[in-house]
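As the structure is a prediction and not an experimental result, all values here were calculated from the model.
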Amino acid sequence: SIKTLSSSSKKKLTLKATLPANADGYEVLYATSKDGTYKQLAKSEKKVYQSHSSKLKKGKAYFIKIRSYRTIKQVTYYGTDSNIKKIKIK
């Protein structure tokens, strides 16, 4: 789940997450509307993720969610999606 989500400087997104103990990492997904189509922003194995992605535009609001994943024998299994958080990129 998403613990904190912030945008403190130009086009920067910082996300802190809690993951299940058996997860290999998580996938960060974003959309411009809550019920819109979510696209992958990145994958991360760290509990703190920071992005300066060109996919995120300054001054625009985005909806962010994550889902954990685990890879076993080259097959990736995904967990359920986290709660959705809204953020405005500074």
Side-chain angles (χ1 to χ4, degrees):
S1 67
I2 299 173
K3 284 175 71 174
T4 61
L5 182 65
S6 63
S7 175
S8 59
S9 63
K10 187 178 178 185
K11 290 173 129 181
K12 183 176 178 181
L13 174 73
T14 302
L15 181 143
K16 291 183 183 177
T18 55
L19 297 173
N22 62 350
D24 291 334
Y26 59 92
E27 185 177 53
V28 181
L29 306 165
Y30 75 100
T32 54
S33 66
K34 190 171 186 176
D35 297 325
T37 303
Y38 283 81
K39 299 176 187 173
Q40 181 179 321
L41 181 62
K43 279 189 174 183
S44 178
E45 286 110 30
K46 300 177 181 177
K47 290 185 179 183
V48 177
Y49 167 76
Q50 291 187 336
S51 169
H52 288 282
S53 178
S54 60
K55 296 176 184 177
L56 304 176
K57 306 297 180 201
K58 181 180 176 180
K60 195 164 184 177
Y62 291 95
F63 294 87
I64 307 291
K65 65 182 179 179
I66 63 171
R67 64 179 178 172
S68 60
Y69 68 88
R70 182 164 185 176
T71 304
I72 301 171
K73 295 184 182 179
Q74 299 177 342
V75 177
T76 302
Y77 299 93
Y78 291 96
T80 57
D81 294 350
S82 71
N83 292 335
I84 298 168
K85 302 265 187 175
K86 183 178 179 181
I87 188 161
K88 187 171 183 177
I89 303 300
K90 294 182 180 178

Judged by atom type as modelled, is there a donor-acceptor pair below 3.5 Å linking the side chain of [X] to the main-chain atoms of [Y]?
| X | Y | answer |
| --- | --- | --- |
| Tyr62 | Lys57 | yes |
| Lys55 | Tyr30 | no |
| Thr71 | Gln74 | no |

How far apart are the closest heavy atoms of [X] and [Y], and which atoms are they?
| X | Y | answer |
| --- | --- | --- |
| Ala31 | Thr37 | CB-O, 3.5 Å |
| Gly59 | Lys88 | O-CE, 3.1 Å |
| Ile87 | Ser7 | CD1-N, 3.5 Å |

Within the structure provided, determine whether [X] and [Y] are in side-chain contact (heavy-atom separation under 4.5 Å).
| X | Y | answer |
| --- | --- | --- |
| Lys60 | Ile89 | no |
| Tyr49 | Leu41 | yes |
| Leu15 | Tyr26 | yes |
| Ile64 | Val28 | yes |

Supply the atom-to-atom distance [X] [atom1] to [Y] [atom2], rounded to the nearest 0.5 angstrom.
| X | Y | atom1 | atom2 | answer |
| --- | --- | --- | --- | --- |
| Ile84 | Asp35 | CD1 | CG | 7.0 Å |
| Ile72 | Tyr77 | CD1 | OH | 6.0 Å |
| Lys16 | Thr4 | NZ | OG1 | 5.0 Å |
| Asp81 | Leu29 | CG | CG | 6.5 Å |
| Ser6 | Lys85 | OG | NZ | 11.5 Å |
| Leu19 | Arg70 | CG | CZ | 12.5 Å |

- request: Flag this pair as yes if the NZ/CZ of Arg67 is under 6.0 angstrom from the six-membered ring centre of Tyr78 and inside a 45 degree cone about the axis; otherwise no.
  value: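 Yes, Arg67 sits over the ring of Tyr78.
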task: Flag this pair as yes if the NZ/CZ of Lys43 is under 6.0 angstrom from the six-membered ring centre of Tyr69 and inside a 45 degree cone about the axis; otherwise no.
output: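 Geometry flag: set, cation within 6.0 Å and 45°.
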query: Among Leu13, Thr14, Ile66, which one satisfies side chain to side chain contact (heavy atoms under 4.5 Å, CB included) with Leu5?
result: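 Exactly one candidate clears the test, Leu13.
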message: Could you go through Glu27 and Tyr38, starting from their C-alpha distance and side-chain angles, then the distance that decides it, and tell me whether this counts as side-chain hydrogen bond (donor to acceptor under 3.5 Å, both in side chains)?
response: CA-CA 11 Å; Glu27 185 177 53; Tyr38 283 81; over 6 Å; no
task: State whether the number of non-hydrogen atoms from other residues, nucleotides or ligands found under 6.0 Å of Asn22 atom CG is greater than 12.
output: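 For Asn22, atom CG is crowded (more than 12 foreign heavy atoms under 6.0 Å).
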query: So, Ser82 versus Ser1: side-chain donor-acceptor pair below 3.5 Å or not?
result: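 Per modelled atom types, Ser82 and Ser1 side chains form no pair under 3.5 Å.
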